[in-house]
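Data first, discussion second: the structure below is written as structure tokens.
In what follows, every heavy atom counts, from backbone to side chain, and hydrogens, waters and symmetry copies are set aside. Chain letters run A, B, ... following the sequence lines, proteins first and then strands; every chain starts at 1.
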Protein chains: 2
Amino acid sequence: MTNQAAKPDARSKLLDAALVVIRTKGYCATTVDELCAAAGVTKGAFFHHFKSKDALGVAAAEHWSEITGALFAKAPYHDHADPLDRVLGYVALRKALLQGGVPEFTCLVGTMVQETYETTPAIREACERSISGHAATLEADIEAAMRDRRLSPAWSATSLALHTQAVLQGAFILAKAKGGAEIAADSIDHLTRYLELLFSSETIQPQS
Amino acid sequence: MTNQAAKPDARSKLLDAALVVIRTKGYCATTVDELCAAAGVTKGAFFHHFKSKDALGVAAAEHWSEITGALFAKAPYHDHADPLDRVLGYVALRKALLQGGVPEFTCLVGTMVQETYETTPAIREACERSISGHAATLEADIEAAMRDRRLSPAWSATSLALHTQAVLQGAFILAKAKGGAEIAADSIDHLTRYLELLFSSETIQPQS
DNA sequence: CGCACCATACCGACTAGTTGGTATGTTGTC
DNA sequence: GACAACATACCAACTAGTCGGTATGGTGCG
């Protein structure tokens with residue numbers, strides 16, 4: 001009601017454009033001119049708000065964290081009474097989000113960190129914060145689910161939370177290679193099955 | 001004995017250099033001049049053997065398939081009598097291969113496809129063939145393990161084989177973000193646990 | 001009010017250097 | 001001497017980043 005989409009300034013137009021263009025073409029292949037054209041601003045505006053292309057990369061990763069953070073924070077999977085259902089609900093939401101073209105459902109920071117992890121420490125760190133911060137939002141529910149079922153396994157809640165992110169990131173790579181979301185969905189199904197098996201106290205093999 | 005390392009020509013020196021440099025800096029950020037310098041050849045040699053940078057990208061993906069194909073073909077995990085042990089042995093080998101720096105143990109085609117999937121179809125297809133071809137080498141063992149245990153589950157051998165690749169690719173992204181192999185190893189442990197749970201006929205929860 | 005003063009936001013032409021690619025040799029070998 | 005395998009010199013296009021300038025709006029003061 002107040003503002004936001006009313007009259008976005010050059011900075012937020014550039015950040016929004018970065019999400020689209022970088023996920024489509026990759027960070028390196030995205031030029032400053034292209035970003036400016038996509039955002040409808042000039043190069044002067046770009047370097048007024050960001051002191052370099054790398055600085056925009058860092059800001060884009062932080063912008064990504066905010067947008068995705070808000071999306072998952074208000075998602076209904078948090079309403080489940082059983083913490084395991086909350087974790088499974090999260091994974092189900094990730095599968096449901098596989099809509100539209102590949103550049104639209106894949107992850108900005110996963111894409112950027114692959115290109116910059118050895119060459120641009122600032123971007124690598126921003127991507128690391130984004131991934132680890134997001135994984136951390138799953139930890140409390142995983143720990144609660146472990147307590148409920150009195151598990152004290154060899155693995156930690158942290159490692160399982162990060163594993164969910166690994167499966168998602170890997171699923172995105174397969175989707176990019178194959179040109180479609182189908183295998184990504186299959187991989188997320190395998191992740192769901194893993195979580196169910198891990199936490200099932202009876203663990204009867206779901207046969208035939 | 002015959003040749004190979006004896007007197008490598010410019011072409012194979014360039015392909016070997018590409019494996020190192022592209023995995024370190026990414027495809028786009030790797031320049032032709034840099035590749036030539038790393039290989040110890042000149043630009044003339046480069047464009048004598050490859051008609052463009054993209055053509056080298058395709059050839060590098062194929063070179064990667066050959067090298068990794070040979071590595072896994074002669075690995076001892078094939079000797080296990082139980083097909084499930086062969087699959088688990090494969091995953092254990094993937095964990096054991098997490099040695100050296102991050103650029104040394106990560107995957108060339110996973111890196112390249114992220115940057116090129118929307119812009120360079122030829123490279124995307126070469127990467128897809130590499131990943132799917134490698135996953136296919138696991139399918140027969142997975143199917144045999146399913147038959148042995150009389151499983152007829154909702155998932156297919158193909159999707160499980162590809163899921164192992166998704167976990168590995170995702171583990172590489174986390175390793176790049178975190179700057180170390182540890183979380184990658186954790187994720188591979190989760191994959192091993194998934195396979196054990198999936199195929200265990202008793203499926204007693206491994207507690208404590 | 002009216003006006004000087006100043007900061008922020010933005011513009012777009014320009015530059016210095018880099019990039020993929022080419023054109024033209026040179027050299028060894030069958 | 002013909003051809004493959006390279007080397008050297010070069011180019012046109014593009015790239016990130018710069019720089020002088022403008023537009024707008026707030027603030028203090030007489």
Protein-nucleotide distance ([X], atom [atom1]; [N], atom [atom2]), rounded to Å:
| X | N | atom1 | atom2 | value |
| --- | --- | --- | --- | --- |
| A/Asp33 | D/dC14 | CG | P | 11 Å |
| B/Phe50 | C/dT22 | CZ | P | 15 Å |
| B/Arg11 | D/dC6 | CZ | P | 11 Å |
| A/Leu14 | C/dC10 | CG | C1' | 11 Å |
| A/Phe47 | D/dG20 | CZ | C1' | 17 Å |
| B/Phe46 | D/dA9 | CZ | C1' | 18 Å |
| B/Leu56 | C/dT19 | CG | P | 16 Å |

Check: Donor-acceptor pair under 3.5 Å: do we get one between A/Lys43's side chain and the base of D/dG17?
Finding: yes
Choosing from [options], which nucleotide comes nearest the side chain of [X]?
| X | options | result |
| --- | --- | --- |
| A/Asp9 | D/dC6, C/dC10, D/dT18 | C/dC10 |
| A/His49 | C/dG20, C/dA9, D/dA7 | C/dA9 |
| A/Lys53 | C/dG21, C/dA9, D/dG17 | D/dG17 |
| B/Ala10 | D/dC6, D/dG17, C/dG21 | D/dC6 |

Note to self: Would you say A/His48 places a side-chain N or O within less than 4.0 Å of OP1 or OP2 belonging to C/dA9?
What the structure shows: yes
Check: Counting any heavy atom closer than 4.0 Å, what does A/Thr31 reach on the DNA or RNA strands: base, sugar-phosphate only, or nothing?
Finding: sugar-phosphate
Note to self: Donor-acceptor pair, distance only, cut-off 3.5 Å: does the side chain of A/Arg124 make one with the backbone of A/Val113?
What the structure shows: no
Item checked: A/Ala126 backbone acceptor or donor facing A/Ser130 side chain under 3.5 Å -> no
Margin query: Looking only at the side chains, is there a donor atom on one of A/Tyr90 and A/Arg86 sitting less than 3.5 Å from an acceptor on the other?
Written below: no
Notebook entry, point to check: Quick one: do B/Glu104 and B/Arg23 make a salt bridge, cutoff under 4.0 Å?
Noted result: no
Note to self: Salt bridge check, A/Arg149 against A/Asp82: does any charged N sit closer than 4.0 Å to a carboxylate O?
What the structure shows: yes
